[in-house]
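Just so it is clear, the values below take in all heavy atoms, side chains as well, and ignore hydrogens, waters and symmetry mates. Chain letters run A, B, ... following the sequence lines, proteins first and then strands; every chain starts at 1.
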Protein chains: 2
Amino acid sequence: MGHTRWLNEEEKRAWTAFTTAHALLYRRLEQQLKRDFGLSGLQYEILARLSGAPDREMRMAELACALVNSKSGLTYQIGQMEKAGLVRRRSCPSDDRAVFAVLTDEGMALLERAAPSHVDTVRELLIDVLTPEQVRALADGLGEASRRMAAGPGEASPPAAGEAACSGAEAVADRGA
Amino acid sequence: MGHTRWLNEEEKRAWTAFTTAHALLYRRLEQQLKRDFGLSGLQYEILARLSGAPDREMRMAELACALVNSKSGLTYQIGQMEKAGLVRRRSCPSDDRAVFAVLTDEGMALLERAAPSHVDTVRELLIDVLTPEQVRALADGLGEASRRMAAGPGEASPPAAGEAACSGAEAVADRGA
DNA sequence: GTGTTTCGATTCAAATTTGAACGCGCCGCT
DNA sequence: AGCGGCGCGTTCAAATTTGAATCGAAACAC
């Protein structure tokens with residue numbers, strides 16, 4: 001409970017650059033995806049995740065977790081995408097509660113058409129702007145931060161009951177084939 | 001129009017770590033702010049920006065731009081915050097179209113109460129997880145990326161008419177006093 | 001001075017997101 | 001068997017976000 005260590009200049013720069021860069025880049029990607037393929041950013045990510053999963057399918061909760069999204073939000077989007085024929089729902093034989101979201105061929109095809117420009121943009125606006133060392137710093141530093149946050153609520157709180165924190169096998173995520 | 005250079009393993013790690021870390025951290029911050037102070041993430045950012053601005057006031061468009069948010073979205077939020085007494089609207093004497101959002105004393109007080117835990121969390125979950133070199137890499141690399149994206153739509157398109165890209169003096173943004 | 005174009009903010013309807021219930025099936029225990 | 005705790009996905013209402021109009025005021029050109 002000490003007096004809060006404020007961020008120094010460089011830390012402040014890092015934090016604002018982090019949030020700003022994310023916002024700007026994400027907005028660009030969304031505009032592009034919507035304009036060229038009628039996809040929202042979330043929908044693209046869903047396609048990408050599923051494409052990298054074992055049978056091109058994942059359970060709802062697992063997917064929601066991987067995307068850092070709420071369950072109800074995912075239910076909604078999968079509904080939209082199902083209407084559009086991009087994914088299909090399949091109930092699990094061994095567990096009647098579970099539902100798999102399955103990537104359809106049509107969904108896969110759309111992802112393959114959308115992926116190139118998406119990756120081009122990520123590269124042009126982010127990756128290629130960074131030095132190789134900076135890329136490594138992001139991968140290592142932010143990777144570690146993600147891992148810790150995904151693990152549990154920071155504090156030394158015993159796993160407690162009720163929340164099981166995301167597990168999931170970290171699909172590769174970006175690239176559609 | 002080449003064949004799209006896909007991301008290699010490390011680049012992929014960097015990109016997913018970037019988006020995942022952002023999503024996880026932002027979600028934490030939102031929960032905390034909402035639970036402890038009844039603020040959304042956007043509202044906190046509005047308070048923070050205004051607190052760092054010249055007279056604790058900014059024009060709507062300038063603020064929207066700084067926050068990488070739509071104008072209509074900002075209108076809505078400022079409306080909410082005005083009801084709550086956190087900000088006030090002031091019309092500009094020299095330009096009847098313009099509107100300033102002004103931080104009230106009450107808003108400032110709330111920010112000062114909220115800032116410590118906010119910064120503590122950012123530090124605990126991100127900054128302190130990174131090495132000093134990684135912090136610098138974020139500040140430099142992502143700072144550069146932000147600058148370029150804020151400038152203009154990448155392409156070598158002549159400024160064109162209609163959009164003037166964000167200008168604005170990059171207020172410090174984080175810290176409430 | 002008019003007419004036109006651009007800018008600044010708001011409005012409005014539609015789409016999405018959020019979080020708290022809810023319904024139901026799995027599990028372990030007695 | 002029967003019971004209670006939970007996990008999984010969905011539902012629902014409320015809050016928010018989005019983007020295309022809209023309205024009025026400035027800036028410019030003629």
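For C:dT10, the OP1/OP2 oxygens have a side-chain nitrogen or oxygen of B:Arg89 closer than 4.0 Å. Listed pair A:Gln31 / D:dG19 fails the phosphate criterion, with no side-chain N or O lying under 4.0 Å from OP1 or OP2. For D:dA15, the OP1/OP2 oxygens have no side-chain nitrogen or oxygen of B:Gln80 closer than 4.0 Å.
No N or O donor and acceptor, one from the side chain of A:Ser70 and one from the base of C:dG19, sit under 3.5 Å apart.
For the pair A:Leu67 CG and C:dT18 P, the interatomic distance rounds to 12 Å; values are reported in whole Å. Distance A:Tyr26 OH to C:dT16 P: 13 Å, rounded to the nearest Å. Between B:Gln77 atom CD and D:dT16 atom P the separation is 6 Å, expressed in whole Å. For the pair B:Ile78 CD1 and C:dT10 P, the computed distance is 9 Å after rounding to whole Å. Atom pair A:Lys71:NZ and C:dG23:P shows a separation of 15 Å (rounding to whole Å applied). Atom-to-atom, CG of A:Leu63 to C1' of D:dT10 comes out at 15 Å; the value is rounded to the nearest Å. Remark: P of C:dA15 and NZ of A:Lys34 are 10 Å apart, rounded to the nearest angstrom. Here D:dT18 presents its P atom at 8 Å from CZ of A:Arg27, a figure rounded to the nearest Å.
In this structure, B:Trp15 and A:His118 have perpendicular ring planes: the angle between them is above 60°, well past the 30° mark.
For A:Ala61, the listed nucleotide lying nearest its side chain is D:dG9; candidates were C:dG8, D:dG9, C:dC26. With D:dG9, C:dG8, D:dT16 as the candidates, the nucleotide lying closest to the side chain of B:Arg59 is C:dG8. The side chain of B:Ala98 lies closest to C:dG8 when the candidates are C:dG8, C:dG25, C:dT18.
Nearest heavy-atom pair across B:Leu63 and B:Leu50 is CD2-CD2, 4.1 Å.
Residues A:Pro93 and A:Gly73 both approach DNA chain C. Their nearest nucleotides, taken by heavy-atom distance, put A:Gly73 toward the 5′ side. Mapping B:Asp96 and A:Leu74 onto DNA chain D by nearest heavy atom places A:Leu74 at the nucleotide closer to the 5' end. For the pair A:Arg97 and A:Tyr76, both in contact range of DNA chain D, the more 5′-proximal nearest nucleotide belongs to A:Arg97.
The OG1 atom of B:Thr16 lies 10.5 Å from the CD atom of A:Glu45; values are rounded to the nearest 0.5 Å.
Residues B:Phe18 and A:Phe18 place their aromatic rings such that the two centres sit under 6.0 Å apart.
Between A:Leu42 and A:Leu74 the shortest side-chain heavy-atom distance does not fall below 4.5 Å.
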